Amino acid sequence: MRRADEDQRLDVVATVNGRERRFSVLPRLSLADTLREELGLYGVRTGCEHGVCGACTILVDELPVRSCLMLGVQANGKTIRTVESLAEGSSLHPLQEAFRRHHALQCGFCTAGILATSQALLAENPCPTREEVREVLSGNICRCTGYQTIVDAIMDYAENGQAGVAGGERGPAE
Ligand code: FES
Ligand code: FES
């Protein structure tokens, strides 16, 4: 039998993808499930719900966080960014564009988490080495790509930024 307080929703106010959002959430719901079920942000994926795979990684106050290991109520007062914040209309963010250009995704299930981890890395270290990228990405599991192209995409973005996007429209310059 459920305890009564498990069914009592708590009010949360958070800035989510640049907008103030007010919602109420059951205290036992993870942040990942909260973002999906309460706010319709289905770009947030859960692959393990144990903090291992990294698929649920989002930015909370600009730091990468496993949203499966945080409760929705803990979002109160926080600034949250999910993969939905990256593109502008139908224009991909340059980092997303680099992923497309380098074939850095196949099934795409890991991609949102890897983009969040990459954003945090690049904010702290705009010119990482391949080894540094690999080290930081070691907490994000991908079953499809073999990782090489993901590192390629991040390095391309780090080295060329917006210029890489313009090149991307014409395909990789190889
Ligand atoms: S679903 Fe959160 S780390 Fe795997
Ligand atoms: S693209 Fe399928 S898990 Fe990474």
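Each ligand, and each atom within it, is numbered from 1 in the order the structure gives. The structure displayed is predicted, hence computed values, not measured ones.
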Point to revise | Sidechain N-carboxylate O distance under 4.0 Å for E97, R100 | key: yes

Review point. What atoms in ligand 1 come closer than 4.0 Å to a heavy atom of C48?
Key: 1 (S), 3 (S), 4 (Fe)

Check your understanding: Considering only heavy atoms from C-beta outward, does the side chain of R134 approach that of L137 to under 4.5 Å?
Key -> no

Revision key, fill the gap. Near G54 (heavy-atom distance under 4.0 Å), the atoms of ligand 1 are 3 (S), 4 (Fe)

Check your understanding: Between R36 and Y42, is NZ or CZ placed under 6.0 angstrom from the six-membered ring centre and within 45° of the ring axis?
Key -> no

Review point. So, R22 and D11, do they make that salt bridge, N to O below 4.0 Å?
Key: no

Review point. Which of the numbered atoms in ligand 1 are below 4.0 angstrom from a heavy atom of V52?
Key: 3 (S)

Check your understanding: At a 4.0 Å threshold, what atoms of ligand 1 neighbour a non-hydrogen atom of G51?
Key -> 3 (S)

Point to revise | Three-point angle C56:SG, atom 2 (Fe) of ligand 1, C68:SG, rounded to the nearest 10° | key: 100°

Revision key, fill the gap. Contact set, ligand 2, heavy-atom distance under 4.0 Å, ordered by chain/number, equals Q106, C107, G108, C110, C142, R143, C144

Review point. Would a distance-only check, ignoring hydrogens and angles, find a side-chain to backbone donor-acceptor pair under 3.5 Å from N76 to V13?
Key: yes

Check your understanding: Just wondering, do L71 and V25 contact through their side chains at under 4.5 Å, heavy atoms?
Key -> no

Check your understanding: Is the shortest distance from a Lys or Arg side-chain nitrogen in E135 or R130 to a carboxylate oxygen in the other one below 4.0 Å?
Key -> no

Check your understanding: Is there an N/O/S atom in H50 that lies less than 2.8 Å from atom 4 (Fe) of ligand 1?
Key -> no

Review point. With a cut-off of 4.0 Å, which atoms of ligand 1 are near a heavy atom of E49?
Key: 1 (S), 4 (Fe)

Review point. Heavy-atom distance under 4.5 Å between the side chains of H93 and Y157, does that happen here?
Key: yes

**Study point:** Salt bridge flag under 4.0 Å for residues E62 and R81
**Key:** yes

